[in-house]
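First up is the structure itself, then whatever we jot down about it.
These numbers come from a predicted model, not from an experiment.
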Amino acid sequence: MQKQQQRTLLLRLAALPLLFLLLASQGAHADAVAAADAAADVAAAESNLNDKVKVFTVATEPTDGYARYVRSARIYDVQVTTLGLGEQWKGGDMQNPGGGFKINLLRKAIEPLKDEQDTIVLFTDSYDVIITATIEEIVELFKKSKAKLLFSAEKYCWPDSSLTDAYPEVEGNASRFLNSGAFIGYAPQVFALLKEDIKDTDDDQLYYTKVFLDEARRAKLGMKLDTQSRLFQNLHGAKNDVKLKVDIETNQGTLQNVNFLTTPAIVHGNGLSKIELNAYGNYLAKTFNGFCTICQEYLLELDEKDLPVISLSVIVPMAVPFFDQFLEGIEKINYPKQNLHLLIYSSVELHDADIKSFVNKHGEKYASAKYTLSTDKLDERQGRQLALEQAKLRKSDYIFFIDGDAHIDDGEVLRELLKLNKQFVAPLFAKYHELWSNFWGALSEGGFYARSHDYVDIVKRDLIGMFNVPHVTSIYLVKSSAFDVLSFQHSEYDPDMAMCASLRNAGIFMFISNQRYFGHLVNADSFDTKVTRPDFYTLFSNRYDWTEKYIHPNYSAQLNATVIEQPCPDVYWMAIVTDAFCDDLVAIMEAHGTWSDGSNNDNRLEGGYEAVPTRDIHMKQVGLEVLYLKFLELFVRPLQERVFTGYYHNPPRALMNFMVRYRPDEQPSLRPHHDASTYTINIAMNQKGIDYEGGGCRFLRYNCSVTETKKGWMLMHPGRLTHYHEGLLVTKGTRYIMISFIDP
């Protein structure tokens with residue numbers, strides 16, 4: 001009692017200075033003292049309440065679920081005593097989890113309290129429980145129940161369904177059956193409840209059920225069930241009973257029981273509702289407060305002198321477009337290569353040569369570098385398992401899986417994931433301007449994809465944070481503490497689904513973070529590896545990567561440039577495409593090989609006659625006509641509008657899009673002519689002085705020639721009337737140009 005009086009006095013003294021500052025200027029010194037006394041009395045009452053309420057949980061291992069539980073208790077200033085931490089679980093196994101161990105631990109812990117009539121004992125599970133209220137609110141809800149001992153209630157009679165009819169009837173949508181995951185009561189009643197012997201491996205819920213169904217004992221203990229979920233909410237079987245409400249300003253969430261309009265203080269993901277709890281838990285216990293609060297908690301500070309050792313595991317189980325750019329992303333990862341063990345697995349012959357070249361070029365920089373190719377005949381499960389076994393062998397601190405469809409655009413990705421300090425964490429990667437991403441927000445009953453309420457907001461980054469999700473693929477970082485439970489084996493699931501199921505079953509949370517943009521997924525759907533240079537064909541499915549690879553890096557600057565180069569009057573010279581564009585398109589044409597004979601007879605044209613023939617192949621012939629028209633719309637038209645002001649035609653029309661080949665022994669030049677176009681573009685596809693000599697274009701009206709053409713640069717000029725022109729003689733090698741007659 002003396003200690004309590006001293007504490008009250010100290011609280012009063014601590015409260016005085018601030019209140020004096022607020023009130024003294026108004027001459028309210030006496031009021032300030034009274035207010036300080038009142039504040040101290042409240043603080044003393046709260047402190048006294050904490051002394052009179054003992055909260056217990058059981059956890060033998062500090063799992064992700066336990067960390068979440070402890071955090072929620074801390075947020076609401078609930079002081080919890082954890083029983084069994086560090087001990088061997090004695091409650092059975094996954095098939096028969098038991099729970100008598102929890103009863104025996106709790107009985108021993110509260111025995112000193114058994115005669116304290118005013119002491120309240122709250123017990124909850126921890127791995128699948130979230131606290132969402134203060135101890136004062138919890139106690140108030142308990143006292144309103146008029147019970148001496150209040151248990152949470154659920155929808156199912158478990159573990160012995162034969163006892164269903166023995167339970168009292170309840171109203172409508174109320175929960176009828178006892179659940180052992182959370183209960184609260186006065187210490188003498190709780191101790192009396194626990195007095196019977198029970199084996200560690202016996203079932204705790206069955207133990208409590210039998211007590212409750214004994215009417216005499218139930219009455220003696222003042223034992224009730226929270227059937228309307230006023231204090232406790234069990235989620236299994238209650239999906240339609242609850243609704244998550246998220247504040248649009250702060251993104252803080254509350255879980256409401258819609259049947260009874262209650263806001264339960266303790267939420268329990270019992271039974272098969274763990275995934276639902278994880279989804280709700282992304283918003284409960286103040287994980288957001290206008291920003292992501294958990295994103296700033298328990299971060300890892302990287303010591304540059306002692307960085308973790310990482311197994312960098314690149315998995316290529318299918319052919320993917322833009323694999324050269326993918327490998328560039330791997331190389332740009334900003335992390336000491338001597339701390340990275342590189343393993344590349346591929347089952348795709350198309351990519352074998354690129355992988356060997358990459359390892360031969362960069363492998364010496366890594367702590368180790370290995371690869372397995374399509375010739376090794378390993379399937380995807382074996383490839384991923386090999387990567388995991390290598391990580392264990394190397395005693396790596398983490399394994400960083402990156403699939404071939406995940407393009408890294410920001411080399412800081414690995415460091416930033418490490419800082420988040422999770423057993424499993426992934427960056428958000430999505431297909432460019434699409435909703436397809438590397439995570440699922442929910443699962444169907446069969447364990448496959450289902451869309452969560454927040455999926456679109458997360459993918460579009462309208463909601464920024466870190467989210468516990470049931471499925472992740474393509475790119476993720478796993479800590480060594482999870483290596484032993486990680487498995488890619490499953491009779492029904494693919495390797496990714498199998499891995500996620502193994503982590504969920506082990507209680508390891510999979511976090512997805514969209515706090516920063518690190519990269520994107522390429523679209524491998526309908527990627528045709530049978531064509532020559534298949535990347536070139538993917539403009540519609542992978543516009544971003546296609547643009548990165550094939551459009552000249554100076555293209556955008558020209559749209560705002562004050563001066564565009566004119567080597568001849570109204571002949572504009574602009575950078576348009578990269579060397580890769582030129583090389584790939586030339587390779588496509590040469591592989592097709594159907595060059596015209598250069599005569600006037602041309603059955604590709606309506607009427608079958610060409611007035612000014614060339615040796616050429618039309619884009620239609622190689623299946624690229626539609627793609628090339630899109631290229632004209634997206635990239636040529638904006639430059640045309642920039643230089644020929646006032647002319648607007650969208651989309652541009654072009655009936656003639658073709659590559660011309662000039663050789664001294666075939667067709668070395670082209671006679672003077674007008675083009676059947678409003679304007680023409682002429683793109684140089686190879687390099688003068690290296691691939692050929694001579695060549696160029698002469699505009700006769702102006703007696704002006706362009707001879708020093710640049711690979712990937714485009715000449716744009718009017719087609720009719722003013723720009724009569726000819727193709728100059730190629731004296732050596734082979735010259736390729738790409739021509740379009742636009743808006744004929």
Side-chain angles (χ1 to χ4, degrees), residues 312-332 343-358 371-374 378-384 387 400-409 413 426-440 448-449 455 459 471-476 488 493-500 512 517-551 580-581 584 587-588 623-624 626-627 630:
L312 178 57
S313 301
V314 176
I315 308 295
V316 190
M318 62 180 179
V320 288
F322 306 104
F323 191 66
D324 50 350
Q325 290 163 263
F326 167 80
L327 291 175
E328 290 173 6
I330 297 298
E331 181 59 18
K332 75 168 62 167
L343 174 68
I344 304 180
Y345 157 80
S346 171
S347 62
V348 184
E349 183 180 358
L350 176 69
H351 301 317
D352 285 353
D354 286 335
I355 291 170
K356 287 194 286 187
S357 175
F358 180 85
Y371 57 76
T372 65
L373 303 177
S374 61
L378 296 181
D379 64 24
E380 183 182 350
R381 293 185 200 277
Q382 293 170 322
R384 292 185 185 276
F400 188 26
F401 279 100
I402 308 173
D403 289 6
D405 63 342
H407 281 218
I408 293 172
D409 298 321
V413 57
L428 171 68
F429 274 42
K431 292 180 181 179
Y432 197 69
H433 283 176
E434 293 187 35
L435 293 177
W436 184 288
S437 78
N438 64 325
F439 82 97
W440 298 349
F448 294 89
Y449 172 82
Y455 178 83
V459 173
H471 180 92
V472 175
T473 185
S474 295
I475 179 169
Y476 44 86
F488 301 99
Y493 294 161
D494 65 27
D496 285 330
M497 293 177 65
M499 177 202 70
C500 294
I512 194 90
Y517 174 83
F518 288 111
H520 65 283
L521 301 178
V522 295
N523 188 348
D525 297 343
S526 304
F527 182 52
D528 186 358
T529 61
K530 296 186 295 296
V531 300
T532 303
R533 307 296 170 96
D535 287 359
F536 198 92
Y537 288 77
T538 65
L539 171 60
F540 291 101
S541 56
N542 289 285
R543 182 185 298 183
Y544 175 82
D545 297 279
W546 198 96
T547 302
E548 285 288 303
K549 182 170 183 175
Y550 292 126
I551 298 303
F581 179 103
D584 283 5
I588 289 169
L624 287 170
V626 175
L627 181 147
K630 192 67 175 179

Partner residues of [X] under the salt bridge (Lys or Arg N to Asp or Glu O under 4.0 Å) criterion, sequence neighbours left out:
X	value
R533	D584
D409	none
D352	none
D354	none

Could you tell me whether a side-chain N or O of N542 sits under 3.5 Å from a main-chain N or O of V522, the two making a donor and an acceptor?
-> no
Checking Y544 side chain against H433 main chain: does a donor-acceptor pair fall under 3.5 Å?
-> no
Residues two or more places apart in sequence or in another chain: which of them pass ring pair (Phe, Tyr, Trp, His ring centres under 6.0 Å) with [X]?
X	result
F540	none
F536	W546, Y550, F581
Y345	none

Let me have the donor-acceptor pairs involving side chains of residues 322-331, under 3.5 Å, with sequence neighbours excluded, atom names and distances please.
{"residue": "D324", "atom": "OD2", "partner": "K549", "partner atom": "NZ", "Å": "3.2"}
{"residue": "E331", "atom": "OE1", "partner": "Y366", "partner atom": "OH", "Å": "3.4"}
{"residue": "E331", "atom": "OE2", "partner": "K365", "partner atom": "NZ", "Å": "2.4"}

Give, for atom [atom1] of [X] and atom [atom2] of [Y], the distance between the pair rounded to the nearest 0.5 Å.
X	Y	atom1	atom2	answer
I408	K332	CD1	NZ	8.5 Å
F439	I512	CZ	CD1	6.0 Å
L343	T372	CG	OG1	6.0 Å
L378	S347	CG	OG	9.5 Å
L428	H520	CG	NE2	12.5 Å
T538	D525	OG1	CG	12.0 Å

Quick one: closest heavy-atom pair of [X] and [Y], and the distance?
X	Y	result
L350	A319	CD2-CB, 4.3 Å
D535	P321	OD1-CA, 3.3 Å
I315	G383	CD1-O, 4.3 Å

Determine, stepwise, if the pair M318 / F527 fulfils side chain to side chain contact (heavy atoms under 4.5 Å, CB included).
-> CA-CA 10 Å; M318 62 180 179; F527 182 52; over 6 Å; no
By side chain to side chain contact (heavy atoms under 4.5 Å, CB included) - contacts of [X] (at least two apart):
X	result
T547	R543, I551, F635
M497	W440, F448, H471, Y493, D494
V531	D528, P534, Y537

If you define the side chain from C-beta out and look only at heavy atoms, does anything of [X] sit under 4.5 Å from [Y]?
X	Y	answer
N438	D403	no
V348	S374	no
F358	V314	no
V320	H351	yes

Across all chains, not counting sequence neighbours, the side chain to side chain donor-acceptor pair (under 3.5 Å) partners of T473 are D496
Given salt bridge (Lys or Arg N to Asp or Glu O under 4.0 Å), test K431 with D545 step by step and report yes or no.
-> CA-CA 10 Å; K431 292 180 181 179; D545 297 279; over 6 Å; no
For R384, the option from R381, Q382, E380 that meets side-chain contact (heavy atoms from CB on, under 4.5 Å) |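 That would be E380.
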Between F488 and F401, what is the ring plane arrangement, given parallel below 30°, perpendicular above 60°, and tilted in between?
-> perpendicular
